[in-house]
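Every number for a ligand or one of its atoms is a count from 1 in the order of the listing.
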Amino acid sequence: MDKIQQFLNPEYSQSFGASPYVQQMGKLTGLLYDHGWDERNGGNVSYRLTAEEIKPYGDVHARLRTIPIDFDASALAGSYFLVTGTGRYFKNVASFPQRDTGLVQINPDGHSVDLFWGFCDGGLPTSEFSAHLMTHIERLHRDPNQRVVMHCHPTNLIALSFTLPQNEKLITRVLWKMHPESIVVFPEGIGVLPYMTPGTTAIGSATAAKMHDYRLVLWPHHGIFAAGDSMDEAFGLIETVEKSALIYTTIQNQGGQIRAEITDENLQELADRFSLTPKAEFMHGETLAQMLAK
Ligand code: 2HA
Ligand code: ZN
């Protein structure tokens, strides 16, 4: 079908800007901003879409330009991503989606993407696009429904990366013991990288390697990466982790002395009640009082 036929065919007449995908992107980036987790141009989100899903929209079928990427994403060849733009402010995305987000498709050779919608002022995908795409590749091996990668700067979680040892077992157990929801929402725990320079393929591949075992990866002193099968799932993972980190901060503000806690037995009861298989080696260890005394 040529472009004029496409334009005249009512089946292809909807505008992608009005699609639920763009609407959700605007809503969630706004919520991330409202929570204070994406100051200025902080944060980035990518949302994998299929050819079937974008087909009904009339304004996404002409290639606008080709954008190089600095690693081999051929494992995602043909996939579409609605992605936030580099330097764009999350507080603005809902009002200017066609400027601050773009719909791209990964080219067969994996070294470039074609832009089909958005970035209308010449914009480019997020500086963390390699970390996003590598994470999508890794998570798709674990979960064929993998859809969303979300990065943001949750304040209490970042603070905790300065005051706790950067140890996956210890950080996971502290977060699990802050609130019963935590182990239910992320029974596999949270991956922790060393501090690394953002926007590099090195942090991208290190993040993706952690995504083999986790859906949440802490970037110490910087923020978090979350992967999920929907916007709600990725956002929900981050919300739950940050709520636990807020309780940790509040405990410190109340003097930090632990007099009672969610025990390892309590964690096991939660696992049994919700039929979870938490990471076994994280289920037993020091008490919260011992962990926080260091
Ligand atoms: O997009 O958050 O990590 C800005 C960032 C980089
Ligand atoms: Zn960041």
Check: [X] N/O within less than 3.5 Å of ligand 1 N/O:
X	result
S127	no
G43	yes
T126	no
H222	yes

Report yes or no: does [X] contribute a side-chain atom to a donor-acceptor pair with the main-chain N or O of [Y] at less than 3.5 Å?
X	Y	result
Q105	G78	yes
E128	G199	yes
R173	F282	yes

For N266 and T263, which I'm curious about, is there any donor-acceptor pair between the side chains at under 3.5 Å?
yes

T66 and D114: side chain donor to acceptor below 3.5 Å
yes

So if I count the atoms of ligand 1 from 1 in the order they appear, which ones are less than 4.0 Å from some heavy atom of N41?
1 (O), 4 (C)

The atoms of ligand 1 lying under 4.0 Å from a heavy atom of H151, numbered in the order shown, are 2 (O), 3 (O)

Could you walk me through whether H132 and Y47 pass the ring-ring contact (aromatic ring centres under 6.0 Å, His included) check?
CA-CA 10 Å; H132 280 249; Y47 189 173; over 10 Å; no

E53 bridged to R147 by N-O distance under 4.0 Å:
yes

For atom 3 (O) of ligand 1, which protein heavy atom lies nearest, and how many Å away is it?
E128 OE2, 2.6 Å

Closest non-hydrogen protein atom to atom 1 (O) of ligand 1, residue and atom name please, with distance?
N44 ND2, 3.0 Å

Is H153 close enough to the Zn ion (ligand 2) to have an N, O or S atom under 2.8 Å?
yes

The Zn ion (ligand 2) - closest N/O/S atom in H222:
NE2

